[in-house]
Amino acid sequence: MGVEIREEPVDEEAFERMQQFVHDYLAASVEKEEEGGRMRWYPWHSAEYRFNHILNVTTLATKIARAEGANVDVTRTAALFHDIAKLEADQDVHAEAGAEVARQYLETQGDYPESFVEQVCAAVRDHSYQGDLGDVPLEARCLMEADLLDKVGANGTALMLLRMGYEARTHMDANEMVSRVLERGEDAVSRVVSDTAESLAYQRIKRVRWFKEWLEAEVAEMEPIEPPAEGS
């Protein structure tokens, strides 16, 4: 049986300082790279996108944590740090690297109990876990569910459509790209555990389906123009 960890509130001033630190850290991660960096011009790998994703996940994770009875301070702090190393570390190690950044910050920038620091770092380290979300601690699960949900819905759809330009696609491929968002949504529903996250997932999928139907009504009947036959 684990030791129950008393909730240690992180006041709003301290949380705002954390947000500023994460923002500045991401910006510095891009600036210190050589020209071209890690595809910095591609939305998924810009400091602006990553920080926006982190804020979205933090909002969602906080909402899920409150509804599910998790430690809100642990959850929202872990959410804030979960992708902090995304722009400087390889994908398969960014979670561990982020946990180390979180530990260094929490141990030097405040008088946080060791139990709080350990829970936050564990959640950051585990957020890329691909197994059953029911096997991880509640706070980590809330973070992981929120991370899945941010890839679904209007935001996820807009980003997938932006990807068409990167892949040299035209708007005729938009339906296929939106279908990818729906696939992500179905995957999210299959993985989330909490009733709160499941409800949010279905709401977001509903928006994507509505957009896909609208898109199909306007694009489905468009036929590509055939080139003229030789000699005509």
Side-chain angles (χ1 to χ4, degrees), residues 23 26 30 36-65 67-68 79-80 82-83 86-87 91 94 127-133 141-229 232:
H23 175 275
L26 290 170
V30 172
R38 191 178 170 186
M39 299 166 63
R40 69 181 67 182
W41 51 272
Y42 185 39
W44 266 254
H45 296 290
S46 70
E48 293 81 7
Y49 165 71
R50 189 53 49 187
F51 186 62
N52 182 70
H53 166 70
I54 285 172
L55 294 183
N56 288 344
V57 171
T58 300
T59 298
L60 286 165
T62 301
K63 184 173 184 176
I64 296 170
E68 297 297 320
L80 198 55
H82 84 281
D83 267 359
K86 188 83 168 185
L87 299 179
Q91 171 65 20
H94 84 277
H127 85 268
S128 291
Y129 175 64
Q130 296 300 309
D132 187 342
L133 269 61
R141 192 192 78 198
C142 292
L143 165 56
M144 294 162 72
E145 289 179 331
D147 201 19
L148 285 169
L149 291 177
D150 189 50
K151 298 178 178 68
V152 184
N155 189 47
T157 302
L159 287 164
M160 191 60 78
L161 293 176
L162 280 174
R163 187 169 181 169
M164 291 194 304
Y166 169 75
E167 296 180 353
R169 292 168 174 255
T170 73
H171 80 288
M172 296 297 292
D173 297 312
N175 197 28
E176 177 191 342
M177 304 302 278
V178 176
S179 293
R180 293 192 196 180
V181 182
L182 279 176
E183 290 173 5
R184 285 183 173 184
E186 296 297 341
D187 177 66
V189 170
S190 70
R191 293 197 66 205
V192 299
V193 176
S194 71
D195 291 339
T196 305
E198 185 175 11
S199 176
L200 288 169
Y202 278 121
Q203 290 173 24
R204 288 172 168 241
I205 289 174
K206 184 177 180 180
R207 296 171 192 157
V208 181
R209 285 205 180 103
W210 172 81
F211 181 73
K212 188 172 187 293
E213 291 171 2
W214 184 20
L215 191 64
E216 288 173 344
E218 296 193 8
V219 178
E221 294 180 0
M222 294 178 66
E223 296 292 339
I225 298 174
E226 295 292 338
S232 61

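- Open room surrounds CG on Asp195; 12 or fewer heavy atoms of other groups in view lie less than 6.0 Å from it.
- The existence of a salt bridge linking Lys212 and Glu216 is confirmed by a sub-4.0 Å separation between a basic side-chain nitrogen and an acidic carboxylate oxygen.
- When side chains are defined from C-beta on, Met160 counts as touching Arg184, because their heavy atoms get closer than 4.5 Å.
- Counting only heavy atoms from C-beta outward, the side chains of Ser199 and Thr196 never approach each other to under 4.5 Å.
- A side-chain contact (heavy atoms from CB on, under 4.5 Å) with Tyr49 holds for exactly one of Leu87, Ile54, Leu159, Leu162; it is Leu159.
- Here the side chain of His82 pairs a donor or acceptor atom with the backbone of Ala79 at under 3.5 angstrom.
- The minimum heavy-atom distance between Ala197 and Ser194, with the atom names listed, is N-OG, 3.0 Å.
- Scanning all heavy atoms of the two residues, the minimum distance from Tyr129 to Met144 falls at O-CE, 3.4 Å.
- Heavy atoms only, all atoms of each residue included: Leu26 and Asp83 are closest at CD2-O, 4.0 Å.
- Minimum heavy-atom separation, Leu80 to Thr58: N-OG1, 3.5 Å.
- At least one donor-acceptor pair under 3.5 Å links the side chain of Arg204 to the backbone N or O of Leu149.
- Here the closest heavy-atom approach between residue Ala65 and residue Cys142 is recorded as CA-SG, 3.8 Å.
- Not a single salt bridge (charged side-chain N to carboxylate O under 4.0 Å, His left out) links Lys63 to another residue, sequence neighbours left out.
- Counting only heavy atoms from C-beta outward, the side chains of Leu200 and Ile64 approach each other to under 4.5 Å.
- In this pair, Trp210 and Trp214 present their aromatic rings tilted. The plane angle is within the 30 to 60° band.
- Although no hydrogens or angles enter the test, the distance criterion places a donor-acceptor pair under 3.5 Å between the side chain of Arg191 and the main chain of Gly131.
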